Amino acid sequence: MNLNTTAAKISAPEIEFSPSLQRDAKEIYVIGRKAGLTQENCVAWVGKNDEKIIGALLTSIKESGKATTFLSDGKKLTVIVLPAEDKISRNNNAFSPHEITESLNGLQTSARENLVQICVIDKEIDKFMCPVAAAIGRAMPLYHSKSSLKELAPNSGVIVSFYWANAEKVPSIAAAEIPEWKTASAVCNGVRLAAQLGDMPPAELSPDTYAEKCREIANGFAAQGVTYTEMKGDDLRQNGYGGIMGVGMAARCLPRMIIMTYSPADATEHIALCGKGVVYDTGGLALKSKVGMCGMKHDCGGSAGVLGGFVAAVTLGLPVKLTLILAIVENAIGPESFRNDDILTMKSGKTVEVNNTDAEGRLILADCVSHASNQLGDVDVILNMATLTGAQCITTGSCHAGIMTRTKALEDRVVEAGLQSGDLTFPMLYAPELLKKEFKSSVADMKNSVANKMNAQASCAGHFIESHIDEAYKGDWLHIDMAGPDSRGERATGYGVALILGLCKAPGFCSKLR
């Protein structure tokens, strides 16, 4: 039962991407690296009446940072100077999208009350439009449930414009006709959708309401040929999806597997997007602590990321066939809870001895990748994304997802897509012949949790999922553990949306506009 009577009543400010400056904006943000943020460029937007004020503001920022002032007409101006390229390591996007999100911490409040203009400037702005769009989307979450929030003021929201370093607009014709502007809008909306799902409390985002949202999305893309099917409850049991059914059968809302397809006629590749959608993770009978359980509404982040990426890709009409496979469950406690020492028969036909009900994500994803490898036929890449292990944060940190692939070519492609998109990744150890022994069981084909937590635990979790891929499958496999970058403080980030668009080579990811 949802006792939150403010749910779904509070609107969030809109974000629009436009090459036209809004002169009636009450607040202006100027973002760029110091080489492009000259006094001349800033005056071109703000006006010559405030030339001295702008000069003093820019001078107050040494190498990088943020400064705010009020202009002669009462407008508020904030300049955000990003680190120079030579201050950024090879493992980060050169335009510092994480810094942009952090620096826009007051944007949400301002955009509820006024129209805010954001001007982003750089000599290579064509490379960074989409990472910036994703960063701005993260700073403007959709979900709110504060009774103190007022309704949106008239003529409020955010307008984002991109400029070359010489203050020339990019480009000077209608935004709707330019693919890169469309990509910026699509990635921003996808990020906000994914973060909204992660931020919703479990009483509002149950497996039932998650499915309703997916059906709504599929119906909205009927003209693009998107299809929707789902399997839930006893249908999962009867068709052999023992991982999804086992994890979710104790909850009030039935577990389910949702499948959405997008099959453009000009597709050059088929990617299966598998997402872990645990709408709430108590840990099951291996119960989490009161501290460890808080925030477990974010455990659906993998499914939210691939869903947001799917929506953005379809919106853009990308020439990639996509099959979205979401395992949506609540890992609850009740009379039907699966137990440590239970044995589950998976979709792959393999048996798993449960030694940790709180290692549930790999169980449901194992059924997803099994389905992708033996039911879809022509898949080139099986991608699974999940907030899978705390060990990922130790392995690759809180900004980089840990990835595993079977081939160096795909590994390089994903790392590059991460750098271009701002959804950063870094490879984890891939060595199944050395690590699978951690799951040895005396009574089943494997256990679901490792014997030795000091032996590449995050990689072991990936190999558990991989072991349920059909042996006849000849395509590649990509494992993305994004437990760290999935959240920023207490907020979901929508991680994964930009990465998927980067993998699908959407316009605007390191493309050239001129």
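Bear in mind that the values here come from a model prediction, so they are computed numbers and not experimental data.
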Next item on the list: Please report the C-alpha distance between F464 and L365 in whole Å, then the side-chain angles of each, then the deciding distance to 0.1 Å, and finally whether the side-chain contact (heavy atoms from CB on, under 4.5 Å) criterion is met.
Entry: CA-CA 10 Å; F464 176 93; L365 280 177; over 6 Å; no
Notebook entry, point to check: With distance as the sole criterion, is a donor-acceptor pair present between the side chains of N4 and S145 under 3.5 Å?
Noted result: yes
Next item on the list: Taking the side chain as every heavy atom from C-beta outward, state whether I100 and R138 have any atom pair closer than 4.5 Å.
Entry: no
Notebook entry, point to check: With no hydrogens and no angle check, is any side-chain donor or acceptor of S206 less than 3.5 Å from a backbone partner on T209?
Noted result: yes
Notebook entry, point to check: Donor-acceptor pair, Q392 side chain versus A401 backbone, under 3.5 Å?
Noted result: no
Note to self: Can you confirm whether the side chains of E113 and T109 place a donor and an acceptor under 3.5 Å from each other?
What the structure shows: no
Notebook entry, point to check: Does S398 use its side chain to pair, donor to acceptor, with the backbone of G484 at less than 3.5 Å?
Noted result: no
Next item on the list: Taking all heavy atoms of A312 and all of A186, pick out the closest pair and write down the distance.
Entry: CB-O, 3.7 Å
Notebook entry, point to check: Above 12 or not: heavy atoms from other molecules or residues under 6.0 Å from NZ of K232?
Noted result: no
Next item on the list: Please confirm whether the backbone N or O of A366 pairs with a side-chain atom of S370, one donor and one acceptor, at under 3.5 Å?
Entry: no
Note to self: Does either side chain, that of T351 or that of D445, offer a donor lying less than 3.5 Å from an acceptor on the other one?
What the structure shows: yes
Note to self: Take a 6.0 Å sphere around CD of E336 and say whether it holds more than 12 heavy atoms from other residues, nucleotides or ligands.
What the structure shows: no
Note to self: Is the ring pair H371/Y241 parallel, tilted or perpendicular, if the boundaries are 30 and 60 degrees?
What the structure shows: tilted
Next item on the list: Inspect the surroundings of CD in E433 and state if more than 12 heavy atoms from other residues, nucleotides or ligands are less than 6.0 Å away.
Entry: yes
Margin query: If only side-chain N and O atoms count, and only distance matters, is there a donor-acceptor pair under 3.5 Å linking Q108 with H144?
Written below: yes
Item checked: Gap between atom CG of L273 and atom CG of L383 - 0.5 Å precision -> 5.5 Å
Item checked: Flag if over 12 foreign heavy atoms under 6.0 Å of CG, N105 -> yes
Check: Salt bridge or not for R256 and D235, using N-O below 4.0 Å?
Finding: no
Next item on the list: Can you measure from CE (M446) to CD1 (I343) and round to the nearest 0.5 angstrom?
Entry: 12.0 Å
Next item on the list: May I ask you to say whether R406 pairs ionically with E466, meaning some side-chain N is under 4.0 Å from a carboxylate O?
Entry: yes
Checklist line | Residue from Q196, R192, E204 passing side chain to side chain donor-acceptor pair (under 3.5 Å) with Y143 | finding: E204
Next item on the list: Decide if atom NZ of K436 counts as having more than 12 heavy atoms of other residues, nucleotides or ligands within a radius under 6.0 Å.
Entry: yes
Next item on the list: Could you tell me the separation between the OH atom of Y210 and the OG atom of S303, rounded to the nearest 0.5 Å?
Entry: 3.0 Å
Check: What distance do E411 atom CD and T405 atom OG1 have between them, rounded to the nearest 0.5 Å?
Finding: 4.5 Å
Next item on the list: Start with the C-alpha distance between M385 and M482, add both sets of side-chain angles, then the distance that settles side-chain contact (heavy atoms from CB on, under 4.5 Å), and finish with yes or no.
Entry: CA-CA 7 Å; M385 186 181 295; M482 31 78 85; 3.6 Å; yes
Margin query: Checking the side chain of N448 only, and the main-chain atoms of A359 only, is there a donor and an acceptor separated by less than 3.5 Å?
Written below: yes
Notebook entry, point to check: Do we see a donor-acceptor contact under 3.5 Å between the side chains of S449 and N355?
Noted result: no
Notebook entry, point to check: Going by an N to O cut-off under 4.0 Å, is there a salt bridge joining K213 and E216?
Noted result: yes
Note to self: Tell me whether D367 contacts the main-chain N or O of I244 through its side chain, where contact means a donor paired with an acceptor under 3.5 Å.
What the structure shows: yes
Next item on the list: Evaluate whether atom CD of E14 has more than 12 neighbouring non-hydrogen atoms of other residues, nucleotides or ligands under 6.0 angstrom away.
Entry: no
Notebook entry, point to check: Is the closest side-chain donor-acceptor distance between Y430 and H479 under 3.5 Å?
Noted result: no
Check: Would you say the side-chain atoms of D481 pair up with the backbone N or O of L388, donor to acceptor, closer than 3.5 Å?
Finding: yes
Checklist line | Derivation of the salt bridge (Lys or Arg N to Asp or Glu O under 4.0 Å) call for E230 and R215 | finding: CA-CA 10 Å; E230 71 173 59; R215 277 193 294 270; 2.8 Å; yes
Check: Looking at CG of L152 and OG of S11, how far apart are the two atoms once the value is rounded to the nearest 0.5 Å?
Finding: 5.5 Å
Notebook entry, point to check: Is any side-chain heavy atom of L307 less than 4.5 Å from a side-chain heavy atom of I258?
Noted result: no
Next item on the list: For residues A111 and S156, report the shortest heavy-atom separation together with the two atoms involved.
Entry: O-CB, 3.3 Å
Notebook entry, point to check: Short question: side chain of Y495, backbone of A498 - any donor-acceptor pair under 3.5 Å?
Noted result: no
Next item on the list: Could you tell me the separation between the CE atom of M428 and the NE2 atom of H400, rounded to the nearest 0.5 Å?
Entry: 13.5 Å
Next item on the list: Before giving the answer on side-chain contact (heavy atoms from CB on, under 4.5 Å), spell out for I118 and V132 the whole-Å C-alpha distance, their side-chain angles and the decisive distance to 0.1 Å.
Entry: CA-CA 11 Å; I118 298 179; V132 170; over 6 Å; no
Check: Got L501 and L318 here, is their nearest side-chain heavy-atom distance under 4.5 Å?
Finding: yes
Checklist line | Given D358, T357, D281, the one that forms side chain to side chain donor-acceptor pair (under 3.5 Å) with N331 | finding: D281
Next item on the list: Could you check L503, N384, I382 and say which one makes a side-chain contact (heavy atoms from CB on, under 4.5 Å) with L478?
Entry: L503
Item checked: Chi angles and distances behind the side-chain contact (heavy atoms from CB on, under 4.5 Å) call for E438, Q457 -> CA-CA 9 Å; E438 294 296 339; Q457 186 180 176; over 6 Å; no
Next item on the list: Answer yes if the side chains of H298 and D486 hold a donor-acceptor pair under 3.5 Å, and no otherwise.
Entry: no
Notebook entry, point to check: Any side-chain heavy atom of E330 within less than 4.5 Å of one from C253?
Noted result: no
Checklist line | Under 3.5 Å donor-acceptor, D342 side chain and R339 backbone | finding: yes
Margin query: So does L419 get a backbone contact from the side chain of N93, meaning a donor-acceptor N/O pair under 3.5 Å?
Written below: yes
Check: Do I325 and L376 touch side chain to side chain, with heavy atoms closer than 4.5 Å?
Finding: yes
Check: Heavy atoms, side chains only, cut-off 4.5 Å: are V450 and N455 in contact?
Finding: no
